[in-house]
Amino acid sequence: MTLQGARERWVRTGGVELCVAELGDPSAPTVVLVHGYPDSKEVWSEVAPRLAERFHVVLYDVRGHGRSTAPQPLRGGFTLEKLTDDFLAVADAVSPDRPVHLVGHDWGSVQSWEFTTVKRTEGRIASFTSMSGPSLDHFGHWINKRLRRPTPRRVGQLLGQGAKSWYVYALHTPVLPELAWRGPLGKRWTRLLERAEKLPHGDYPTSSLPTDAAHGAWLYRDNIRARLRRPRTDAYAHAPVQLITPLGDAFLSEKLYDELELWAPQLTRRTLPAKHWIPRTRPDQLTAWITEFVTSVEGGRPASKPTGRYTERFGGQLVLVTGAGSGIGRATAFAFAEAGARVVVVDRDAAAAARTAELSRLVGAPEAWAETVDVSDEQAMEKLAEKVAAEYGVVDVLVNNAGIGLGGSFFDTTSEDWKKVLDVNLWGVIHGCRLFGKQMAERGQGGHIVNTASAAAYQPSKALPAYSTSKAAVLMLSECLRAELAGQGIGVSAICPGFVNTNITSTARFAGVDAEEEKRRQKKSARLYGLRNYPPEKVADAILRAVVRNQAVVPVTPEARGAHLMSRFTPRALRAIARLEPPL
């Protein structure tokens with residue numbers, strides 16, 4: 001099997017022939033993709049064509065895998081030294097005059113750490129992007145440090161990683177791994193991956209998988225024990241490194257990289273709420289990060305590092321915010337942008353959405369798009385969900401923030417008033433959760449949904465029956481969804497702000513009054529909220545914190561927190577307050 005449109009060549013080195021595929025313009029910077037175990041180069045078939053739009057992309061089957069030949073004998077034929085020989089032979093063949101940008105996944109990353117830290121490759125590697133594979137030398141020092149100076153925390157880390165590494169022990173047993181891969185495991189591997197990792201159908205894995213996996217067992221046998229016993233002390237990276245850590249990786253703990261800055265001074269960290277096989281499940285995200293990193297290195301400047309507090313958590317992720325033309329929605333879009341997220345800005349005001357997207361790019365978003373949609377329109381939301389998935393990818397974080405205000409007594413509130421409030425405040429949230437949440441669930445790589453409710457969701461008021469009802473429904477919907485989606489790794493948070501200085505006060509409607517009285521009340525409520533002057537940026541910060549901590553219900557502002565406590569412990573006092581006349 002070959003990659004569509006790829007140019008193929010063979011590189012002879014160390015008694016083996018390596019199958020090398022190339023895509024893109026050979027005069028562009030060269031990006032070399034190195035696959036892991038038990039894969040072949042086709043694991044990159046979703047990433048490579050995307051990168052080829054900007055770069056000269058090179059993939060090769062590691063010796064003994066895919067269409068590359070295997071060393072004879074197998075024992076001793078897969079050492080890191082021989083794998084380094086292979087890489088240099090490929091680099092010399094495809095880019096003899098310029099250093100290459102290296103990208104490795106799983107064992108491709110393990111061996112690429114070797115390439116990036118040995119003396120004989122200096123000057124041949126421009127940058128290295130690592131995912132799901134540590135340096136064996138760094139890993140050895142990590143283990144030794146915890147054995148020499150054990151603490152409960154360090155012992156827990158050792159035991160945790162030891163449990164995740166169960167397959168390493170199995171691969172060291174003689175004969176059994178080969179029999180399993182050439183037998184039942186090889187036949188069922190595709191279904192196991194689809195079930196465990198939610199991998200989409202395609203040209204992966206290839207028919208060579210059983211042989212690849214049997215040969216690849218020697219990657220572990222030839223290197224693991226030797227390196228962990230005697231890790232190199234000079235394993236310092238001589239090129240900028242980008243580390244991408246999937247938070248749901250079943251095989252590697254993120255704690256393995258705690259001291260990585262000691263070994264890679266020019267380090268850029270990224271985290272991704274995904275499982276192990278991210279070249280298959282998150283190709284758009286990887287392409288964006290690799291492109292940004294390579295471009296920055298080629299430009300002779302450090303890789304851009306957004307200044308937000310949560311850059312490692314949200315950098316490069318896709319975040320969609322509704323009601324983002326102003327207020328809390330705009331502040332939230334900016335907060336995610338400052339953390340390096342890609343942002344889809346949704347608002348029914350096209351000019352306001354475009355302005356938020358433009359400013360989001362200025363404050364740190366690598367990409368930001370504006371979409372004009374009325375969240376209460378189900379068909380429009382369906383089209384939006386289809387467009388976002390097709391053009392930008394599956395959303396990692398959804399913020400259902402769009403809302404409208406309505407004051408007035410229950411009997412002054414007409415059926416039409418109720419419909420308008422519920423259509424936006426409740427149905428808009430339902431549409432967002434149903435459409436984008438379903439895409440998250442089908443992808444199977446987790447995600448997070450944030451629904452903006454209000455302190456009014458649990459603080460009754462005679463002046464806000466419709467608004468409070470809509471927000472109480474959003475709160476309960478969030479709780480129900482949180483229970484349903486927890487098993488799929490999708491968090492759900494309800495954000496409950498109190499009095500926040502946004503323009504919702506100047507646009508809120510008041511039932512049962514004429515236009516002049518409504519305008520007077522809007523001005524007065526806007527003035528009162530202005531005097532309170534609680535900024536929407538603090539709500540945005542609470543939203544990001546809620547996603548990071550996977551919080552269920554988050555009251556924001558002191559009065560919201562106080563009302564939340566009263567609703568739990570002194571509900572009668574809260575009901576008494578609800579009878580007071582509002583200051584309007």
Side-chain angles (χ1 to χ4, degrees), residues 46 190-202 204 246-250 271-286 313-314 316-322 336 341-344 346 371 373 375 378-402 426-453 473-495 543-544 546-553:
E46 294 295 326
T190 301
R191 277 178 291 174
L192 289 172
L193 276 187
E194 288 175 358
R195 187 176 306 143
E197 297 263 342
K198 303 294 183 183
L199 262 61
H201 296 287
Y204 168 85
L247 297 175
D249 198 319
T271 61
L272 191 61
K275 297 182 182 179
H276 183 77
W277 266 275
I278 51 178
R280 303 302 303 175
T281 59
R282 307 302 290 275
D284 289 324
Q285 180 70 84
L286 296 188
R313 177 63 173 78
F314 298 115
Q317 289 192 23
L318 184 62
V319 179
L320 186 144
V321 185
T322 68
F336 278 110
R342 299 175 297 140
V343 182
V344 182
V346 177
E371 298 291 346
V373 175
V375 297
E378 183 177 9
Q379 291 185 340
M381 286 290 283
E382 288 176 348
K383 290 179 181 177
L384 174 67
E386 291 173 3
K387 179 180 180 181
V388 169
E391 298 184 11
Y392 316 137
V394 176
V395 168
D396 296 298
V397 180
L398 168 68
V399 183
N400 289 306
N401 171 75
L426 178 57
W427 277 105
V429 174
I430 292 173
H431 295 328
C433 291
R434 181 176 64 84
L435 297 166
F436 293 101
K438 184 179 181 182
Q439 291 176 357
M440 287 183 194
E442 289 177 345
R443 181 181 62 185
Q445 298 293 319
H448 205 97
I449 297 171
V450 177
N451 296 326
T452 303
V474 169
L475 178 58
M476 182 52 70
L477 170 64
S478 303
E479 293 275 36
C480 293
L481 267 181
R482 184 177 176 86
E484 180 174 345
L485 298 177
Q488 301 180 60
I490 300 174
V492 181
S493 300
I495 306 297
I543 288 173
L544 270 69
V547 177
V548 170
R549 298 178 181 178
N550 193 19
Q551 295 172 293
V553 180

Sequence neighbours left out, what passes salt bridge (charged side-chain N to carboxylate O under 4.0 Å, His left out) with Glu378? Give chain and number order. Arg434

Side chains of Val319 and Val395 in contact at under 4.5 Å (non-hydrogen atoms): no

Taking side chain as C-beta onward, heavy atoms only, is Val399 less than 4.5 Å from Thr322? no

Taking Ser478 for the side chain and Ser493 for the main chain, is one N or O donor matched with an acceptor at less than 3.5 Å? no

Do Leu477 and Val429 come within less than 4.5 Å of each other through their side chains, counting heavy atoms only? yes

Check whether any side-chain heavy atom of Val346 lies under 4.5 Å from a side-chain heavy atom of Leu320, and answer yes or no. yes

Just grab all the salt bridge (Lys or Arg N to Asp or Glu O under 4.0 Å) pairs involving residues 383-393, residues at least two apart or on different chains. Glu371-Lys387

Do you know the tightest heavy-atom contact between Leu475 and Ala494? CD1-CB, 3.6 Å

Enter the distance from Ile449:CD1 to Phe436:CZ here, rounded to the nearest 0.5 Å. 10.5 Å

Salt bridge (charged side-chain N to carboxylate O under 4.0 Å, His left out) partners for Arg549, two or more places apart: none

Sub-4.5 Å side-chain heavy-atom contact between Val547 and Val450: yes

Could I get the full list of side-chain contact (heavy atoms from CB on, under 4.5 Å) partners for Ala473, not counting sequence neighbours? Leu426

Leu193: which residues meet the side-chain contact (heavy atoms from CB on, under 4.5 Å) condition with it, sequence neighbours left out? Trp189, Glu197, Leu199, Tyr204, Trp277

Least distance between heavy atoms, Leu398 atom then Gly432 atom: CD2-O, 3.3 Å

Has Gln317 got a side-chain atom pairing as donor or acceptor with Arg313's backbone, closer than 3.5 angstrom? yes

Those residues at least two apart in sequence (or on a different chain) that pass side-chain contact (heavy atoms from CB on, under 4.5 Å) with Asp284 are Arg50

Nearest heavy atoms of Ala389 and Gln439, plus distance in Å: CB-NE2, 3.7 Å

Rounded distance [0.5 Å steps], CG in Leu318 versus CZ in Arg342: 4.5 Å

Counting only N and O atoms by type, is there a donor-acceptor contact under 3.5 Å from the side chain of Lys275 to the main-chain atoms of Ala196? yes

Using the test ring-ring contact (aromatic ring centres under 6.0 Å, His included), find all partners of His448 that sit at least two apart in sequence or belong to another chain. none

Quick one, Glu382 and Leu435 - any side-chain contact, counting heavy atoms below 4.5 Å? yes

Heavy-atom closest contact (Ile490 atom, Ala441 atom, distance): CD1-N, 3.7 Å

Any salt bridge (Lys or Arg N to Asp or Glu O under 4.0 Å) pairs touching residues 438-451, not counting sequence neighbours? Asp396-Arg443

Only counting residues at least two apart or in another chain, list the ones meeting side-chain contact (heavy atoms from CB on, under 4.5 Å) with Ala274. Leu272, Ile278, Arg282, Gln445

Do Asn451 and Ile495 have side-chain heavy atoms sitting under 4.5 Å apart? no

Residue pair Glu479 / Ala552: nearest heavy atoms and the distance that separates them: OE1-CB, 4.3 Å

Hey, does Val548 have a side-chain heavy atom less than 4.5 Å from the side chain of Phe314? yes

Please collect all side chain to side chain donor-acceptor pair (under 3.5 Å) contacts where either partner lies in residues 482-492, sequence neighbours excluded, each pair once. Arg482-Asn550

